[in-house]
Amino acid sequence: MTRRVRRWVLAVGGAGLAALLVAACPALPPFGGATHPYGDRVVRESLARQTANTIASVNFDQRAFDTLGELGILFACVIGTVVLLRQTRDERRAAPEPAAVSLPVRRYALVVLPVALLTGLYVVAHGQLSPGGGFQGGVVAATALHLLYLGADYRALENVRPIGLYEVGDALAASAYLVTGLAGLVGGTAFLANTLLPYGTFNTLASGGTVPLLNAAIGMEVACAVVVLLARFLDQAVEIEKESGS
């Protein structure tokens with residue numbers, strides 16, 4: 001395909017998208033008005049399923065299928081990064097030399113690490129109750145581990161970061177999300193329908209039906225994915241070098 005053809009394809013696709021947006025905008029409720037039909041429906045459905053955090057209800061209930069697509073994008077990014085940054089034949093691994101770390105930085109990193117890790121797990125576990133959830137908590141938990149790199153050295157980080165296990169965890173978490181969706185089909189409802197479990201008591205950990213399960217799967221997938229992504233980039237920067245030593 002030539003560059004000119006690609007430009008025409010882009011122009012036609014952009015024009016079609018612009019036409020759809022222009023056609024849809026007049027049907028939207030007036031900006032700044034007192035009527036919020038979409039927000040009202042979202043809140044009503046969230047409360048009906050005992051999910052205190054409306055955003056979690058949207059992500060893991062009302063549009064759980066869309067969230068599955070976001071999970072797939074992150075999973076594909078991890079696979080692409082692993083393939084692109086793999087060690088090639090003309091590269092070798094060199095043992096990283098420990099860097100000098102000032103005592104205040106070391107103390108701060110080692111003190112904050114368990115606090116940050118627990119904060120990430122807390123955000124994941126309370127995703128259906130308060131702001132946050134699997135995406136945010138997974139990132140916090142994954143980056144918390146890397147305080148070892150800042151406060152100690154790269155070998156200390158490697159001891160708590162067996163990449164193989166995190167890669168397996170990433171795949172298992174993505175599979176758990178799919179299996180939860182398929183369970184709805186087996187139960188006679190729709191894919192990812194929030195009808196399998198009781199909705200529980202409002203504003204408690206045991207509430208929201210399948211929302212906590214999907215949220216936990218996302219948290220595990222995001223945490224493992226971020227660890228694997230950072231590991232590949234750090235390996236290239238710290239350990240892997242050309243055979244010539246450059």
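These numbers were taken from a predicted model, which means no experiment stands behind them. We use all heavy atoms of the structure for the numbers below, so side chains are in, but hydrogens, waters and symmetry mates are not.
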Can you name the nearest heavy-atom pair linking A174 to F75, along with the distance? CB-CD1, 4.4 Å
With the 4.5 Å side-chain cut-off for hydrophobic clustering, are V179 and F65 part of the same group? no
Might you point out which heavy atoms bring H146 and L157 nearest each other, and give the distance in Å? CD2-CD2, 3.7 Å
Using 4.0 Å as the upper bound for N to carboxylate O, is an ion pair formed by E45 and R41? no
F60 CZ to I55 CD1 distance, which is reported to the nearest 0.5 Å: 11.0 Å
Quick one: are L148 and V160 in side-chain contact, heavy atoms under 4.5 Å? yes
Which atom of Q128 lies closest to which atom of A56, heavy atoms considered: CA-CB, 3.9 Å
Could you pull out every donor-acceptor pair under 3.5 Å between side chains of residues 107-117 and any protein atom, sequence neighbours left out?
none

Could you name each residue pair satisfying side chain to side chain donor-acceptor pair (under 3.5 Å) that touches residues 4-13, not counting sequence neighbours? none
Taking all non-hydrogen atoms of both residues into account, name the closest pair between G209 and P212 and its distance. O-CD, 3.2 Å
Tell me the closest heavy-atom pair linking A225 and V78, and the distance in Å. CB-CG2, 3.5 Å
Test item: T51 and F202 side chains (from C-beta on) under 4.5 Å apart, heavy atoms: no
So which pairs with a foot in residues 172-190 pass side chain to side chain donor-acceptor pair (under 3.5 Å), sequence neighbours left out? T189-T195
Cluster overlap Y122 with L205, hydrophobic side-chain contacts below 4.5 Å: no
Pairwise side-chain contact, V105 with S102, heavy-atom cut-off 4.5 Å (strictly under): yes
Cluster question for you: counting only ILVMFWY and a side-chain heavy-atom cut-off of under 4.5 Å, with indirect links fine, are I218 and L172 together? no
pair R161-L234: side-chain heavy atoms closer than 4.5 Å: yes
Holding to side-chain contact (heavy atoms from CB on, under 4.5 Å), I want the full list of residues that pass it with V139, two or more places apart in sequence or in another chain. T143, V222, V226
Measure the spacing between CG of L68 and CG of L214 and express it to the nearest 0.5 Å. 9.5 Å
For salt bridge (Lys or Arg N to Asp or Glu O under 4.0 Å), just list the numbers for R232 and E167, CA-CA rounded to whole Å, side-chain angles, deciding distance to a tenth of an Å, and then say yes or no. CA-CA 12 Å; R232 294 304 177 185; E167 290 175 341; 2.9 Å; yes
Do any pairs count as a side chain to side chain donor-acceptor pair (under 3.5 Å) and have a residue in residues 199-221, sequence neighbours left out, and if so which ones? N194-T210
Parallel, tilted or perpendicular: which one describes the rings of Y154 and Y149, with boundaries at 30° and 60°? perpendicular
Other residues, nucleotides, ligands: >12 heavy atoms within 6.0 Å of R155 CZ: no
Indicate whether the side chain of N59 and that of R63 have a donor and an acceptor atom separated by less than 3.5 Å. yes
Who else is in the cluster with V186 when I, L, V, M, F, W and Y are joined by side-chain contacts under 4.5 Å? none
Can you hop from V140 to V123 via hydrophobic side chains spaced under 4.5 Å? no
